There are 2 protein chains.
Amino acid sequence: MTKADSNVDRIYEKLRKMAAYFEFKPDARINESALSTELGASRTPLREALNRLVAEGFLTFQSGRGFFCRPLSPKLILDLYEARVAIETEIVRLVCRRASDEELQDLMEFLKSTEPDYDSCEDPMELLSMDEAYHMRIAALSQSNELVRILENLNDRVRYIRLVDLKYLRGKTPVSTQEEAQLSAHRVVLTALINRDEDKAVSTMRHHIERRRDEATEAVRIAYSQLYVPAD
Amino acid sequence: MTKADSNVDRIYEKLRKMAAYFEFKPDARINESALSTELGASRTPLREALNRLVAEGFLTFQSGRGFFCRPLSPKLILDLYEARVAIETEIVRLVCRRASDEELQDLMEFLKSTEPDYDSCEDPMELLSMDEAYHMRIAALSQSNELVRILENLNDRVRYIRLVDLKYLRGKTPVSTQEEAQLSAHRVVLTALINRDEDKAVSTMRHHIERRRDEATEAVRIAYSQLYVPAD
DNA sequence: GCACTCAAAATTGTATACAGCACCATATTC
DNA sequence: GAATATGGTGCTGTATACAATTTTGAGTGC
């Protein structure tokens, strides 16, 4: 049996998801004993996983008091969006210089093939997954593992808010309209890349993300109301 | 007797430095028992610190085989420099929009006051510290904690190579010339910021870092020769 | 009602024990 | 001699125990 996934890894992945979706409430203290029995492991591997998550910015740690969920505030989310802009604009720049015509054409095929899914999809979670998958495919073409790595971390930490945004803010406009705007931004960036128009690709990507960033404050407000409201 | 800094934090800081300067050789396996006695602690807190460093990219981990030092290759260093470009150009962009005239003037004072130190300084380590301090002061003006955080991590991971670069590559040109080039780049960026010339500030910063990036392959070669040569 | 004290309970921090896997050297077979 | 078994050694993975610390809460005085 290939224990490629060790127990710590299993716990880590699980906790990472829980933290990403704020199953720990912002700033809430994490009880190690309770969590360890819940996860069916002892405190030793649990704490190892928790320490990794601290280093990744999902949790905080206070000596003598233990682990806490990261806080949630508009400022923190704004910072994450800004970091995304930094990373994704540079990614687009690198892709424009490094990706082959063929790779870009493949990506265009991928984009076209998923368009029907975007239109038909009603589940915000799935919609977000598709969007992230597309952004990560572009990222891969940058040939920079470090940028990919940072982007993955940022995406995970901002995902819950993006989900709220998608569900409660953009839900106001008709579905067909919002997804089309999204899709069109994707298409515009990719077309610019194919034409090797770096400036256009970069600035389109920048505005694509910044538009969402500007909704962050409102999204955080809604997120709080969701987190502290009894489940339906 | 838990101090404000817990034992794990102490171990963590120590290991972080050791990893930054490749006191663990690239890809070398880390013996937990030996290291724990060396640090005067048991394996439990040691492993917690090691897990944090894995999450930060200083170490790697293989299930069942333990912890290893991160590898060192030109590609990895290039990636780090590229990530630095991404972060620092966005930082400059934000600073240009957000920093007050007063803050920028203060920074100019700081720059001027350290110029004599740059000229007189013979120690590459100190030179690098001053350079990093300056870059971090700019970063702070961006008001983005996330970008600051990412930049700190990147700086720590690339520091050893920058040191080698400074010591063995740029040592070839006369000291006065190289430090002046460095200083002048700093001054050009800052002047552009004061004039609110975003494009100039961003592109100068970009080239300032990219120039070093282009030396990375050679620097890594030298780094290897230094790491595996008996100490002087 | 409010602040303060102090002991009990809960929780974290770390050492240690031990099971099991990985690695290495030696032996064995062809 | 090369390739493959095999046993020993050392290391990692995790549970558990216990000390140290923080938190809680009841009781007391004002």
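Lettering of chains follows the sequences in order, A, B, ..., and the numbering in each one begins at 1. Predicted model only: the values in this text are computed from it and were never measured.
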Engineer: Taking OP1 and OP2 of C:dC23, is either one under 4.0 Å from a side-chain nitrogen or oxygen of B:Arg65?
Structural biologist: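 Yes, B:Arg65 has a side-chain N/O under 4.0 Å of OP1/OP2 on C:dC23.
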Engineer: Enter the distance from A:Arg70:CZ to A:Phe22:CZ here, rounded to the nearest 0.5 Å.
Structural biologist: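 These two atoms lie 3.5 Å from each other.
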Engineer: So if I apply the side chain to side chain contact (heavy atoms under 4.5 Å, CB included) rule between B:Glu218 and each of B:Asp165, B:Leu169, B:Val164, which one comes out positive?
Structural biologist: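 So the option named by the test is B:Leu169.
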Engineer: Rounding to a whole Å, what distance do you find between A:Ile30:CD1 and C:dG13:P?
Structural biologist: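 My rounded result for the distance is 13 Å.
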Engineer: When we call it a touch if two heavy atoms are under 4.0 Å apart, what does A:Phe67 touch: a base, just sugar-phosphate, or nothing?
Structural biologist: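 Nothing, no heavy atom under 4.0 Å.
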Engineer: Around atom NZ of A:Lys14, are there more than 12 heavy atoms from other residues, nucleotides or ligands closer than 6.0 Å?
Structural biologist: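 Result for NZ/A:Lys14: open.
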Engineer: So if I apply the side-chain hydrogen bond (donor to acceptor under 3.5 Å, both in side chains) rule between B:Tyr12 and each of B:Glu56, B:Lys17, B:Arg52, which one comes out positive?
Structural biologist: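 Checked B:Glu56, B:Lys17, B:Arg52 against B:Tyr12; only one passes side-chain hydrogen bond (donor to acceptor under 3.5 Å, both in side chains): B:Glu56.
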Engineer: Would you check if B:Ile91 and B:Met205 make a side-chain contact, meaning some heavy-atom pair closer than 4.5 Å?
Structural biologist: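 Heavy-atom side-chain distance check fails, nothing below 4.5 Å.
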Engineer: Measure from CZ on B:Phe68 to C1' on D:dC11 and round the result to the nearest Å.
Structural biologist: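 After rounding, the reported distance stands at 11 Å.
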Engineer: Between D:dT22 atom P and A:Phe61 atom CZ, what is the distance in whole Å?
Structural biologist: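 Answer to the nearest Å: 12 Å.
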Engineer: Is the closest side-chain heavy-atom distance between B:Leu35 and B:Phe24 below 4.5 Å?
Structural biologist: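 B:Leu35 reaches B:Phe24 side chain to side chain.
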Engineer: Under a 4.0 Å heavy-atom cut-off, which of residues 37-59 of chain A touch DNA chain C?
Structural biologist: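 Residues of residues 37-59 of chain A under 4.0 Å from DNA chain C: A:Arg43, A:Arg47.
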Engineer: Select one nucleotide: of D:dT23, C:dT14, C:dG13, the one nearest the side-chain heavy atoms of B:Asn7.
Structural biologist: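 Among the listed nucleotides, the one closest to the side chain of B:Asn7 is C:dT14.
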Engineer: Output the rounded distance in Å from CD (A:Glu32) to C1' (D:dT14).
Structural biologist: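 Value for this atom pair: 15 Å.
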Engineer: Say whether, by atom type as modelled, one donor and one acceptor occur between the side chain of A:Tyr224 and the main chain of A:Leu72 under 3.5 angstrom.
Structural biologist: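 A pair under 3.5 Å: yes.
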Engineer: In whole Å, I'd like the distance from the CG atom of A:Leu35 to the P atom of C:dT11.
Structural biologist: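 A:Leu35 atom CG is separated from C:dT11 atom P by 13 Å.
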Engineer: For A:Arg98 and A:Leu141, what are the C-alpha separation, side-chain angles and deciding distance, and is it a side chain to side chain contact (heavy atoms under 4.5 Å, CB included)?
Structural biologist: CA-CA 7 Å; A:Arg98 293 180 181 172; A:Leu141 296 183; over 6 Å; no
Engineer: What orientation do A:His135 and A:His208 show, parallel under 30°, tilted 30 to 60°, or perpendicular over 60°?
Structural biologist: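 Parallel: the ring planes of A:His135 and A:His208 meet at under 30°.
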Engineer: For the pair made of CZ in A:Arg10 and P in D:dG13, what is the distance, rounded to whole Å?
Structural biologist: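 It is 15 Å, rounded to the nearest whole Å.
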Engineer: Can you check nucleotides 7-10 of chain C for protein contacts, nitrogen or oxygen pairs under 3.5 Å, and list what you find?
Structural biologist:
none

